[in-house]
Each structure stands twice: as C-alpha cells, then as structure tokens.
S.K.: 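Quick one: the structure is below, questions incoming.
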Amino acid sequence: MSAGEGFRCHRCGEGGREPVGNAPFPNDLGKRIAAGICVSCWEEWKKRQMLLINHYGLDVRDTGAREFLVANLRSFLFAEGGGEAEIDTSQEGKISW
C-alpha cells in the first residue's frame, strides 16, 4: 500500500503517510507496526528507544531490558500498557536489571 491509499497511522492519526511496510520484528507485533504505523512515527520511536537505552544504560541482550523496551514501544506507538518510562536525568546510570 502506498501513501494516500486509505492508510491512517494508528499513532498520529494522519492519513496519506507512508506506512512502515516491512515488519521490524519477525512476530505479530512487527506485522502490526508494519501495517499500522507511519514511517515518521517509527523514526520518532527509534529516537526515543535510543534515548531510553542510553539514559537507563540498557543492555539489549538482557531479557528485562528488552521487555522494558517493548513495553515502552507499545505505549509509544499504540497507547497500550502502563505508560512510557520517564527520562529522569537524576537516575541516569543507576538502573540495574
């Protein structure tokens, strides 16, 4: 589907934008993102994800860190779950998994 063919981004609600198209993960969540999120919102998420990784000193090889990121992704893109983590500079480097 190309932009303007009835696609409306789930996050921003804008129509006429280009959807992500290719699943960023090989699972149902990846398919959901590809079908329902625009490229612009996906790029915003990637920036937010990098801020979270750097701010909290996350090791993405760690299961807890990945679960934290997925929960934040669901909140950021689909408004699901308990909300997004705050980036509190007073906690920088103090979180351990």
Side-chain angles (χ1 to χ4, degrees):
M1 175 186 300
S2 64
E5 289 184 23
F7 172 78
R8 183 168 299 282
C9 178
H10 183 81
R11 179 170 187 267
C12 68
E14 294 290 324
R17 290 190 172 185
E18 194 68 34
V20 171
N22 294 320
F25 312 114
N27 58 24
D28 289 339
L29 178 58
K31 292 175 190 172
R32 187 175 174 203
I33 292 166
I37 299 298
C38 71
V39 171
S40 178
C41 287
W42 180 246
E43 291 301 318
E44 285 181 42
W45 163 250
K46 291 192 306 186
K47 289 176 186 173
R48 173 75 179 168
Q49 175 181 249
M50 190 58 58
L51 285 173
L52 291 168
I53 290 168
N54 290 334
H55 179 72
Y56 288 102
L58 300 178
D59 179 351
V60 296
R61 297 169 296 180
D62 181 80
T63 301
R66 287 193 309 270
E67 289 171 355
F68 173 80
L69 289 171
V70 169
N72 275 272
L73 177 144
R74 287 180 180 277
S75 180
F76 185 84
L77 295 178
F78 300 107
E80 297 174 352
E84 296 174 50
E86 292 184 30
I87 295 181
D88 178 358
T89 56
S90 71
Q91 296 299 312
E92 190 169 350
K94 296 180 182 174
I95 306 299
S96 61
W97 300 99

S.K.: Hey, what's the ring geometry for His10 with Phe78, parallel, tilted or perpendicular (30° and 60° as the breaks)?
M.R.: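 If you compare the ring of His10 with that of Phe78, the planes turn out tilted.
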S.K.: Donor-acceptor check, side chain of Arg11 to backbone of Cys38, threshold 3.5 angstrom: yes or no?
M.R.: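 Not at all, since once roles are kept as given, no pair shorter than 3.5 Å links the two residues.
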S.K.: Drop me the distance from Asn72's CG to Ile53's CD1, to the nearest 0.5 angstrom.
M.R.: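 Atom-to-atom, Asn72:CG and Ile53:CD1 are 10.5 Å apart.
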S.K.: Before you tell me yes or no, could you show the steps for Arg74 and Arg32 under side chain to side chain contact (heavy atoms under 4.5 Å, CB included), namely the whole-Å CA-CA distance, both residues' side-chain angles and the distance that decides it to 0.1 Å?
M.R.: CA-CA 11 Å; Arg74 287 180 180 277; Arg32 187 175 174 203; 3.8 Å; yes
S.K.: Show, in sequence, the C-alpha distance, side-chain angles and deciding distance for Phe76 and Glu44, and conclude whether the side chain to side chain contact (heavy atoms under 4.5 Å, CB included) test is met.
M.R.: CA-CA 9 Å; Phe76 185 84; Glu44 285 181 42; 3.9 Å; yes
S.K.: Would you indicate whether Asn27, at its atom CG, is surrounded by more than 12 heavy atoms from other residues, nucleotides or ligands within a distance under 6.0 Å?
M.R.: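 Yes.
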S.K.: If Ile, Leu, Val, Met, Phe, Trp and Tyr residues are connected whenever their side-chain heavy atoms lie under 4.5 Å apart, and connections chain through other members, are Met50 and Leu58 in the same group?
M.R.: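 No: no chain of side-chain contacts under 4.5 Å links Met50 to Leu58.
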S.K.: Is any side-chain heavy atom of Trp42 closer than 4.5 Å to a side-chain heavy atom of Leu77?
M.R.: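 Yes, their side chains come closer than 4.5 Å.
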S.K.: Give the minimum heavy-atom separation between Cys12 and Cys41, together with the two atoms involved.
M.R.: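 Nearest heavy atoms, Cys12 then Cys41: CB-SG, 3.7 Å.
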S.K.: Between Arg17 and Ser40, does a side chain to side chain contact (heavy atoms under 4.5 Å, CB included) hold up when you go through it step by step?
M.R.: CA-CA 8 Å; Arg17 290 190 172 185; Ser40 178; 3.6 Å; yes
S.K.: Under 4.0 Å between a Lys/Arg side-chain N and an Asp/Glu carboxylate O for Glu43 and Lys46?
M.R.: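 Yes, Glu43 and Lys46 are salt-bridged.
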S.K.: Roughly how far, to the nearest 0.5 Å, is the NZ atom of Lys31 from the CZ atom of Phe25?
M.R.: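 Rounded to the nearest 0.5 Å, the CZ-NZ separation comes to 14.0 Å.
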S.K.: Leu29 versus Leu73: any side-chain heavy-atom pair under 4.5 Å?
M.R.: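 Yes, their side chains come closer than 4.5 Å.
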S.K.: Please work out which of the three classes, parallel, tilted or perpendicular, describes the rings of Tyr56 and Phe68, given edges at 30° and 60°.
M.R.: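 Perpendicular: the ring planes of Phe68 and Tyr56 meet at over 60°.
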S.K.: Any heavy-atom pair between the side chains of Ile37 and Trp45 that's under 4.5 Å?
M.R.: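 Heavy-atom side-chain distance check fails, nothing below 4.5 Å.
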S.K.: If you measure from CG on Leu69 to CZ on Arg48, what distance do you get to the nearest 0.5 Å?
M.R.: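 Reported to 0.5 Å precision, the distance equals 10.5 Å.
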S.K.: Write down the atom of Val39, the atom of Pro19, and the distance for their closest heavy-atom approach.
M.R.: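 So the minimum-distance heavy-atom pair works out to CG2-O, 3.6 Å.
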